[in-house]
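A quick write-up on the structure given underneath.
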Amino acid sequence: MDFNCIEALLNLPEFRVTAQVLGPKQLDLHLERRATCIVCPRCQTVCSRIKESRPRCIRDLPMLERPVVLWLHLRRFECAECHHRPWEKSETVGEHVKWTARLYTHVRQEYLRGCPCRALARRYGLSERTVFRWTFERSRGGRPRTLGRALGIDEYSRRKGHRSNTLIVDLDRGQPIATFKGRRAEDVMAWFKSRPQAERDQVEVVVGDMSKTYASAIQQLFGAQVHVIDRFHVVQLAVDALDGVLRSVQKQLGPEEAKDLKKLRKRWLKAANQLNVDELIARDEWRRRFPELREVIDWVQNLRTWFERKYAKPAREALLKLIERASQSTLEPLQRMSGTLSRWFEPIFRYMRHRYTNGMTEGFNNKIKLIQRMAYGLRNEYNRQKRILAWCGET
């Protein structure tokens, strides 16, 4: 292969190819820096006299269906002024690495996508231990990270049915800390108690949903002032109440009108500037015909705008008024919402102070589902933990 083609494929403008050896098992490429001199680090004199050289072996992505080994011939110069003998250094390749960054990233992604370790090792001329170490040990896969100030906690299903695991995420750094088997309060407390006391003392916020097991574990571990319920789960329950009223209204209508009402479902909570004239007229007509529909839509809209408040004291009073309105309503879904908001009043109100959401944890849950589907199920729990932490924790 032409040297110019090889240099274009390597994309290493700092080096030029001096020789290539195509063997039965690998392709050896000998490289040399284009610069013929360096600056002495002691006296800042330009050095051009070469005393000796040494090769460095670096692995790279394969070419011609063979693993590639780059031999970087680094030279040692002698300064004519101070007689110092500095070695030339590479800006594109680190001092102590034995592989290129693109090879490391490519192998790691292939292994996380489900490619067997043995096949990857054979394809890229590596050992199976190296592939495993690049993927999991360098990314701390399988090792729990340190706890941060703000944590997110949620569950995900490891298999269909009532078999769930717990995921803990550092919301400030955007990385999963650990995942372990079970979702009971005893499981959560056992894992947190296995961490050092100094780490547990720095936890100030734990964001979760309205799970009684997680709430009891958080209260026993960190106290009652740490648990925060984010806006997503509260608004989700309110929208479920709206859907309940919509279903009751649909039962009073004929098939065609029920179908038209269902089409407007995604437009009930949108602002007026997000709808066209026909949709606004249709929505107002439905609100006029059914007062219960108008009542629940206005209440849900007020709850959504409540989370945008900035000051704590008026926000507390506004939330109490919303709960009172829901409790005095004749609609059963709103009465249930009033009871839910009353039970979880303090954790919901703490959102005003901390402004943390569990959206990042929910995103990792979706990625975990993707990992499990790609692997067609992960039966080994230890391998599941390593793969999740290595895939989700971009390190």
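Treat the numbers as computed from the prediction; the structure is a model and nothing was measured.
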Side-chain ion pair, [X] and [Y], N-O less than 4.0 Å:
| X | Y | answer |
| --- | --- | --- |
| Glu257 | Arg289 | yes |
| Glu279 | Arg283 | no |
| Asp60 | Arg102 | yes |
| Glu14 | Arg34 | no |
| Glu256 | Lys259 | no |
| Arg287 | Glu295 | no |

- In terms of ring plane angle, is the pair His30 and His73 parallel, tilted or perpendicular, where the classes change at 30° and 60°?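 Judged by the thresholds at 30° and 60°, the geometry between His30 and His73 is parallel.
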Give the minimum heavy-atom separation between [X] and [Y], together with the two atoms involved.
| X | Y | value |
| --- | --- | --- |
| Leu27 | Arg66 | N-CB, 4.2 Å |
| Cys82 | Arg42 | SG-CB, 4.2 Å |
| Ser329 | Gln335 | O-NE2, 2.7 Å |

- Message: Among residues at least two apart in sequence or on other chains, which ones pass side chain to side chain contact (heavy atoms under 4.5 Å, CB included) with Glu110?
- Response: His106, Cys115, Leu120, Arg123, Tyr124
- Message: Quick one: does any side-chain atom of Thr130 pair with a main-chain N or O of Leu126 as donor and acceptor, under 3.5 Å?
- Response: no
- Query: Per the ring-ring contact (aromatic ring centres under 6.0 Å, His included) rule, which among Phe307, Phe345, Phe232 passes with Tyr351?
  - Reply: Phe307
- Flag the pair Leu29 / Gln20 as yes when at least one side-chain heavy-atom distance between them is below 4.5 Å, and no otherwise.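 Leu29 vs Gln20: side chains touch.
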- Message: Could you check whether any side-chain heavy atom of Ile38 comes within less than 4.5 Å of a side-chain heavy atom of Trp87, counting everything from C-beta outward?
- Response: no
- Tell me, with the steps shown, if Phe77 and Arg75 meet side chain to side chain contact (heavy atoms under 4.5 Å, CB included). CA-CA 6 Å; Phe77 293 82; Arg75 296 161 295 186; 4.0 Å; yes
- Query: Between Phe192 and Arg200, is there a cation-pi geometry (under 6.0 Å to ring centre, at most 45° from the normal)?
  - Reply: no
